[in-house]
Amino acid sequence: MSSHLDVIERVHIPRRRPGRDPFIDLLRNFSMLAVVLGHWIMPMLGYTNRTITVGDSLSTPGWWTLTWALQVMPVFFAVGGAANFHSYSAHLAAGGDARGWLATRLYRLTVPVLPLLFVWLAAPPLLTELGLPRQPVTFAAGIVGQLLWFLAVYLITVALAPLMIKLRDRFGLAVPVALAIAAIVVDSARFSGVPLVGYLNEGFVWLALQQLGIEYAAGRFTRLSTSDALVIGIGGFAATALLVVAGPYPASMVGLPGQAVSNMSPATLCLLTLGVGQLGLLLAARRQIVAFSRAPKIAALQRLIGPRCMTVYLWHMTAMIIVAGVTVVGLGYTTPAAGSLGWFLVTPLWIGALALVLRGLLVVFGRFETARLTIAAGPSTPRLVAALLLLFAGLLDIAAQGFAAPIPAVLSIAAILASLAITRKKRSDAEQSRRSVV
């Protein structure tokens, strides 16, 4: 029986190579910057008795409203769906196959992670050997690893993108509707005493958002009127508000200390309705956003961030750890109370220092992402599935355990390297086969 990849190769052949969409490019870059900004302003740091303490500024009463704007992962997954549609269509138009596209995406997602893995595998023992207290080092090694949850989940959506594009061709908007219904069922079971079932929504919610991006890239929403887009946006936010009022969904769209339920761990229906609201408003302002993207300073910023977007995400917490290590651990700095005059005065300086350090990290590590690779004919489906499973397991384990425990981290890194080796070996075999035919 043919795999779904084989079927897609025969059926979904685009007629033209799509160009870049400035709307999608700007949303991708600025949604990533919003994630970074949110992570940088959240921690309330202090240091006593060789122990770092961490609070959350978004726990301040009323500040949950900020999370409705700063929680932009729904937008990022939708934008990722549009990007997957365009790159997959271009890959097939150039004569490649679905397995080659997936192998290429695997490389482009994984290679930028490798330097982070090796730096942080070595960092905890090195830093403690240099005399830094163990607790701050262990804490830092844990929060850096947590970032990889996003890549693990994003990998699922990328791996299923060819199938989801095929389903879109056949069923259209029925696909995200079905995924939304599945998310409702999962949340109902989760809140009825079966909590572990909630992790199924790490698939249903993010796939539904990716599907909306696929629909946009396929032309579904490009001619949507401003008024219709506003109705969708307002409807999405209204649905989110109703879910929060009815409960048990919390008002915050990010996880906060002490919450019995989080909208993020695992994802809930609220993130899907919030994403619909955000996308509706963004589509209503599409013309203005495209014009904004062409401003010289914005275009220059995008040229810096765009090719290094994943590197920005991977290293922004390391930038914060470096600055916090110097200021909080080294100099005894304590974050002022969130919302106080001191907090508003210091936060721009804090963000500026972090941005400066991150800029240096981009110079060093951005080259791993800007190097491009395209695999025309990918490995066999069993090899590719094995590679994806190894990569998913390795990323998820590090996200759960961090880098403080060396043996689990080494095993996870070995799994990630093995996933690359599997696809690389098969790529070489395919190239040799093509040479022999020629």
Side-chain angles (χ1 to χ4, degrees), residues 25-47 52 54-58 63 66-67 69-73 75-76 79 112-113 115-116 119-120 123 127 136 139-141 143-148 150-151 254 289 292-336 338-370:
D25 286 344
L26 186 135
L27 292 188
R28 174 179 181 265
N29 297 331
F30 276 74
S31 62
M32 184 56 72
L33 288 180
V35 171
V36 171
L37 179 64
H39 286 170
W40 282 355
I41 68 171
M42 284 171 65
M44 305 292 294
L45 302 173
Y47 185 66
I52 195 165
V54 183
D56 195 325
S57 65
L58 296 179
W63 282 32
L66 297 178
T67 68
L70 290 175
Q71 176 52 277
V72 291
M73 278 301 178
V75 174
F76 194 88
V79 168
V113 182
L116 183 82
V119 165
W120 276 99
L127 292 174
F139 177 78
I143 62 172
V144 169
Q146 288 174 11
L147 291 175
L148 298 185
F150 161 72
L151 282 186
V254 301
I289 289 171
F292 177 73
S293 72
R294 292 172 179 154
K297 291 184 179 179
I298 300 302
L301 181 61
Q302 291 203 91
R303 286 194 295 272
L304 172 65
I305 296 172
R308 304 167 185 85
C309 196
M310 191 59 65
T311 308
V312 170
Y313 177 77
L314 291 170
W315 289 95
H316 78 277
M317 291 301 290
T318 299
M320 188 170 70
I321 288 165
I322 292 171
V323 174
V326 174
T327 59
V328 178
V329 177
L331 302 177
Y333 166 77
T334 299
T335 307
S340 67
L341 178 61
W343 187 88
F344 281 109
L345 291 175
V346 169
T347 296
L349 300 176
W350 173 258
I351 293 172
L354 269 60
L356 187 62
V357 173
L358 179 59
R359 180 69 178 89
L361 293 171
L362 289 181
V363 171
V364 176
F365 299 109
R367 67 194 68 183
F368 291 91
E369 186 174 1
T370 55

I would like to know whether Leu33 and Leu301 meet side chain to side chain contact (heavy atoms under 4.5 Å, CB included); could you show each step before the answer?
-> CA-CA 11 Å; Leu33 288 180; Leu301 181 61; 4.1 Å; yes
If you look at every heavy atom in Leu314 and Leu116, which pair is closest and at what distance?
-> O-CD1, 3.6 Å
Would you say the side chain of Ile321 lies within less than 4.5 Å of the side chain of Trp120, judging by non-hydrogen atoms?
-> yes
Checking side chain to side chain contact (heavy atoms under 4.5 Å, CB included) for the pair Phe30/Val79: CA distance, chi angles, key distance, verdict?
-> CA-CA 11 Å; Phe30 276 74; Val79 168; over 6 Å; no
Give the minimum heavy-atom separation between Met44 and Ala338, together with the two atoms involved.
-> CE-N, 3.3 Å
For the student: nearest non-hydrogen atoms of Pro336 and Val346, plus distance | CG-CG2, 4.3 Å
Rounded to the nearest 0.5 Å, how far does OG1 of Thr370 lie from CZ of Arg308?
-> 6.0 Å
Work out which heavy atom in Val329 is nearest to a heavy atom in Pro136; give both atom names and the distance.
-> CG2-CB, 4.4 Å
Distance (rounded to the nearest 0.5 Å) between Ile322 CD1 and Leu361 CG = 5.0 Å
CA sep, side-chain torsions, deciding dist, call: Leu147, Tyr313, side chain to side chain contact (heavy atoms under 4.5 Å, CB included) = CA-CA 8 Å; Leu147 291 175; Tyr313 177 77; 3.8 Å; yes
Is the closest side-chain heavy-atom distance between Ile41 and Leu70 below 4.5 Å?
-> yes
Of all heavy-atom pairs between Met42 and Leu58, which one has the smallest distance, and what is that distance?
-> CG-CD1, 3.6 Å
With a 4.5 Å limit on heavy-atom distance, are the side chains of Val35 and Met73 in contact?
-> yes
Sub-4.5 Å side-chain heavy-atom contact between Trp315 and Val119 = yes
With rounding to the nearest 0.5 Å, note down the distance linking CZ in Arg303 to CG in Asn29.
-> 12.0 Å
If we only count heavy atoms from C-beta on, is the Leu45 to Thr334 side-chain gap below 4.5 Å?
-> no
Quick one: side-chain hydrogen bond (donor to acceptor under 3.5 Å, both in side chains) partners of Asp56, sequence neighbours excluded?
-> none
Shortest non-hydrogen contact from Phe76 to Arg28?
-> CE1-O, 3.9 Å
Please step through side chain to side chain contact (heavy atoms under 4.5 Å, CB included) for the pair Phe365 and Thr318, ending with a clear verdict.
-> CA-CA 12 Å; Phe365 299 109; Thr318 299; over 6 Å; no
Backbone N or O of Trp350 within a donor-acceptor pair of the Trp40 side chain at under 3.5 Å?
-> no
With a 4.5 Å heavy-atom cut-off, do Phe150 and Met310 have their side chains touching?
-> yes
Within-4.5 Å side-chain heavy-atom neighbours: Thr311 and Phe368 = no
Any side-chain heavy-atom pair from Leu26 and Ile298 closer than 4.5 angstrom?
-> yes
Going from NE2 on His39 to CG on Leu354, what distance comes out if it is rounded to the nearest 0.5 angstrom?
-> 12.5 Å
